[in-house]
Peer 1: 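First the structure, then my questions, so here it is.
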Amino acid sequence: MAVLENEITFGIVLYKEELSHSVTFRSLLNSITAAGNTINSKVIILVFDNTPREQNKKNNETIAVNEWVEVHYYTINENKGLPFAYNLFGEKARELKKEWLVLLDQDTELPLDFFSLYRTVNPEIKIHCPLVFSNGSLMSPAYYKNFRSSPMQVPQTESIDLKNVSCINSGLMINVEFFQKIRGYNPDLFLDFCDHDFMYKAKKNDITRLGIIPCRLTQDFSSVSHTKEQALARYELFVKDLKTFYKDKDKIKIFFLVDLSRIISLTLKFKTLKIMKIRLKK
């Protein structure tokens, strides 16, 4: 099987975290270094920093990390959301003449064989995803039907049928030419649903198979907690993306299938009716 390391670039999105502190970045470096003796050219890691700052930080910087890795760092000192960062990665990957883009968050521990597994995928398949687990259960890829995700058995094959299937952004590997063809991610979204929206566009453009990379990633959401004010602000963003993604779809069905459980959960947790007020206002 072809070795693709010269054709792959990785994109990490930061938010209120220094790159050197990112678990994803550190473990990606370890994974690349472990394969160092077999690498023929520098691996480029693209970084977009979504951290808002009052004092602007240099917005375009190239950093030689070691003999195998070079970082291209970008920021505009405000939070532009995930699609903005991903689309920038797609454009930079095209400029660098890379054939593949891998999307990463900032806080996922990548296994030591991560780089080796990604550089040996089947290049005939345009989109690949790893196996992402949460609380011991497979959360991505997953079945996606009637506006909701449901778990599937862990795939044992190189690829699966993409019908009624979606996956999250973390670890997604996309052919750059195809990424440009479908114009990347929806810039009208900010955070929520951008993964499902992208996969929907892929299916509309005749992608019928999703490559499965036998690489296990773990997402731990147990440490994520919000104050009441943070939860209200986060819910406002959620509702905006909800209405953008589900535009022209059955609003009543969307409310009951997608949104109602979140409203009830947040209302009970924070003992406030402001959640419902936000929903009605939006």
Side-chain angles (χ1 to χ4, degrees), residues 1-13 24-25 27-29 31-32 34-35 39 41 43-48 69 72 82-83 85-94 96-106 108-133 138-142 154-155 157-162 165-185 194-203 205-219:
M1 187 173 288
V3 177
L4 304 175
E5 80 262 9
N6 295 339
E7 287 80 45
I8 301 175
T9 188
F10 298 87
I12 299 176
V13 182
T24 302
F25 177 66
S27 56
L28 178 58
L29 282 185
S31 181
I32 295 170
I39 297 175
S41 62
V43 178
I44 294 177
I45 300 175
L46 305 170
V47 174
F48 187 78
V69 177
H72 295 193
L82 287 182
Y86 293 159
N87 289 340
L88 181 138
F89 291 155
E91 183 59 28
K92 296 302 178 183
R94 184 191 64 80
L96 291 165
K97 295 181 169 53
K98 298 294 184 181
E99 293 185 19
W100 296 94
L101 170 64
V102 178
L103 303 177
L104 296 166
D105 55 34
Q106 67 186 21
T108 299
E109 182 82 36
L110 307 178
L112 199 59
D113 60 354
F114 178 86
F115 179 71
S116 296
L117 290 170
Y118 271 70
R119 66 180 182 159
T120 54
V121 301
N122 180 356
E124 298 300 317
I125 301 172
K126 301 304 181 184
I127 304 177
H128 303 259
C129 76
L131 304 170
V132 185
F133 289 79
L138 182 68
M139 65 174 292
S140 176
V154 177
T157 55
E158 178 187 77
S159 68
I160 59 174
D161 190 338
L162 195 50
V165 168
S166 192
C167 53
I168 65 173
N169 297 312
S170 185
L172 202 61
M173 182 175 182
I174 310 163
N175 177 272
V176 173
E177 182 179 0
F178 179 75
F179 187 94
Q180 296 295 331
K181 176 186 175 183
I182 67 172
R183 299 185 179 181
Y185 279 72
C194 64
D195 40 15
H196 299 315
D197 181 81
F198 182 83
M199 299 308 296
Y200 175 77
K201 286 204 297 181
K203 295 173 194 177
N205 282 270
D206 300 322
I207 295 295
T208 60
R209 304 294 295 177
L210 175 67
I212 301 297
I213 305 173
C215 177
R216 179 175 177 135
L217 306 182
T218 300
Q219 298 253 310

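The structure displayed is predicted, hence computed values, not measured ones.
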Peer 1: Please find the pair of heavy atoms, one from S41 and one from I39, that lie closest to each other, and give the distance.
Peer 2: O-CG2, 2.9 Å

Peer 1: Do the side chain of Y118 and the main chain of G171 share a donor and acceptor less than 3.5 angstrom apart?
Peer 2: yes

Peer 1: Give a yes or no on whether the backbone of V102 and the side-chain of H128 come within a donor-acceptor separation of less than 3.5 Å.
Peer 2: no

Peer 1: How are the rings of Y185 and F198 set relative to one another: parallel (under 30°), tilted (30 to 60°) or perpendicular (over 60°)?
Peer 2: parallel

Peer 1: Would you mind telling me which of I45, T108, L217 makes a side chain to side chain contact (heavy atoms under 4.5 Å, CB included) with T24?
Peer 2: T108

Peer 1: So which heavy atom on R119 is nearest to which on I8, and how close?
Peer 2: CA-CD1, 3.7 Å

Peer 1: Does the side chain of V154 reach to within under 4.5 Å of the side chain of F133, using non-hydrogen atoms?
Peer 2: yes

Peer 1: Less than 4.5 Å apart, any side-chain heavy atom of R216 and any of P111?
Peer 2: no

Peer 1: Which residue in the set V47, V43, L46 passes side chain to side chain contact (heavy atoms under 4.5 Å, CB included) when paired with F10?
Peer 2: V43

Peer 1: Quick one: does any side-chain atom of K98 pair with a main-chain N or O of T9 as donor and acceptor, under 3.5 Å?
Peer 2: no

Peer 1: For a side chain to side chain contact (heavy atoms under 4.5 Å, CB included) with L131, tell me which candidate from P141, C215, S140, P214 qualifies.
Peer 2: P141

Peer 1: Side chains of P130 and F114, heavy atoms from C-beta outward: is any pair under 4.5 Å?
Peer 2: no

Peer 1: Does the side chain of T218 pick up a donor-acceptor pair with the side chain of E109 at under 3.5 Å?
Peer 2: no

Peer 1: With the side chain counted from C-beta on, respond yes when I127 and L210 share a heavy-atom pair under 4.5 Å apart, and no when they do not.
Peer 2: yes

Peer 1: Under 4.5 Å between any side-chain heavy atoms of C167 and L172, yes or no?
Peer 2: yes

Peer 1: Any side-chain to backbone donor/acceptor pair from K203 onto V165? Under 3.5 Å, distance only.
Peer 2: yes

Peer 1: A side-chain contact here means heavy atoms from C-beta on lying under 4.5 Å apart; do S159 and I212 qualify?
Peer 2: no

Peer 1: Within a strict 4.5 Å, meaning less than it, do heavy atoms of the I174 and F89 side chains meet?
Peer 2: no

Peer 1: Taking side chain to side chain contact (heavy atoms under 4.5 Å, CB included) as the test, write out the residues that go with D206, two or more places apart.
Peer 2: none

Peer 1: For F179 and G90, work out which heavy atoms get closest and say how close.
Peer 2: CE2-CA, 3.7 Å

Peer 1: With the side chain counted from C-beta on, respond yes when V13 and Y86 share a heavy-atom pair under 4.5 Å apart, and no when they do not.
Peer 2: yes

